[in-house]
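Both ligands and their constituent atoms are indexed starting at 1 by order of listing. Just so it is clear, the model here is predicted, and its values are computed rather than measured.
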Amino acid sequence: MKRVTLVAAMLVLAAPTAARTQETPTERDAARDVVQKQMGLQRSLNIDAVVAKLTGANPARDAVAARAKELMDKELIALGDDITKHPEVGFVETRSVQVLTDYLKQHDFDVTMGVGELKTAFVARYNKSTPGPNLGVILEYDALRGTKGAFHGDQHSTQGPIGIAAAIAVAEFLTRTKTPGTVVVFGTPGEEMMPPNAKTVMFDAGTFKGMDILVRSHAVNATTRPAPGFGTCCMNIDGVKYTFYGAPAHQLTAWNGRNALEAVIHLFNNIDAIRSNLRPETRIQGVITEGGAAPNVVPDKTAADFYIRYPDEVYLAQVTEMVNNAAKAAALATGTQVKIDHYGRNRDGIGVGSLDEVAFAYMKKYGATGVVPEPGKPMGYEETGSVSSNIPGVGFSAKSSNASNHTYEMEADALTDVGHSGFVVDAQAMAALLYDFATRADYRALVKKEFDTLKGLHDEYLESLRKVYVTPKVTGERVVP
Ligand SMILES: [Zn+2]
């Protein structure tokens, strides 16, 4: 997915950092107290001083970062190139997973394949660790679905090599110096697809349980980091599928059937009819995925797939209920039945300043180009929010392309110097931050304090939104049972 596409828009907003957490006037009103508390938190943490202390001279840390670079230069850039040239879309990334897990096994990781129905998910644990802080690295490897076939226009092909370089470098350091700490690599499939929402499935299955930090890289065309706080890149999303069931009949005697295509058309019309009663930030878009098979047979099964979006999850729940009602009304009007499947949801994640600012400083230190000095909008380090609102973590986004995300040009850049140099920066910065987190109890405590406080503030924010979004009172006699 796409972080950078929104950077330009974000920079236009000159509001103070914390205020950008909210996207609508209603949200800003409801969040006034929370924003004050959040700004107070950021001041009290004195993150600039933390960054200066951690990123100063430190030969031991530089050696860990240098090991990550060595692994990239010797083998892992080539491995990334290989995956770029063999793209596989979500949930069938078998070849990519094979080469990544083979490499992990050669470097003392024990690999467990599959989580639930997710055949191309995996968990790889470094087998020489001693118990201590649990460091997790999230990898993705799915390609985009293109009209010419799969392609790596989002450079997920290199996330595996980057994360593996950092994981091995820090794991070797911990073992060599007998420093407590475990390193676990999580292979998370199908980032570009839902259903299923792979990271949510894995989180619900307890896959990330016990992790003290999670790190992840993602390709971008500028070196960026989010502001601290809670939010998403692209609004909270409900993914909902509506399947209508009717009865078949000959076209000329259609009264012998019930038309599921008419039902799905009614659904779209019903939604359009209520748009003016929905807050203007609402985005509802859907496609008809099944519309019948032949013109001379009344369609007895149709389906539509919707992404319903709103900046916050509280009002989104109201919107989704109205769309569900639009589907029920469509079924009622056409004598059909509707099955409603809530198959996926993306929610706010939490961006931790004490992690994001250190990561940003390390990316610059190791030579990142195209640096955007201002922080972007607050968001978590992964797209679902399931993981990033529950476990502290950080994303690394050093510039690795001259083109925007999801393009053939970004895929081409993965094989050239702009890509390779950005990937090496990500690997070094990731290794350096994991080194700091593993070796400094005071840093771990600070990160935990910031994360826990932000999580509490997010709950408080949602609570105040629940008071704001009252539903209008509709009076009159109820004539439909
Ligand atoms: Zn992506």
S.K.: If you look at His156, which of its N/O/S atoms is nearest to the Zn ion (ligand 1)?
M.R.: NE2
S.K.: By atom name, which N, O or S atom of Asp154 is the nearest to the Zn ion (ligand 1)?
M.R.: OD2
S.K.: Taking the six-membered ring of Phe173 as reference, does the cationic atom of Arg67 (NZ for Lys, CZ for Arg) lie under 6.0 Å from its centre and within 45° of its axis?
M.R.: no
S.K.: Test: side chain to side chain donor-acceptor pair (under 3.5 Å). Region: residues 137-146. Which pairs qualify, not counting sequence neighbours?
M.R.: Glu140-Gln159, Glu140-Lys199, Glu140-Arg216, Asp142-His156
S.K.: Ignoring hydrogens and geometry beyond distance, is a side-chain donor-acceptor pair present between Thr320 and Asp238 at under 3.5 Å?
M.R.: yes
S.K.: At less than 2.8 Å, would any N/O/S atom of Glu191, backbone or side chain, sit next to the Zn ion (ligand 1)?
M.R.: yes
S.K.: Does Glu140 put an N, O or S atom under 2.8 Å from the Zn ion (ligand 1)?
M.R.: no
S.K.: Looking at Lys448, I'd like to know if its NZ atom is crowded, meaning that more than 12 non-hydrogen atoms belonging to other residues, nucleotides or ligands lie closer than 6.0 Å.
M.R.: no
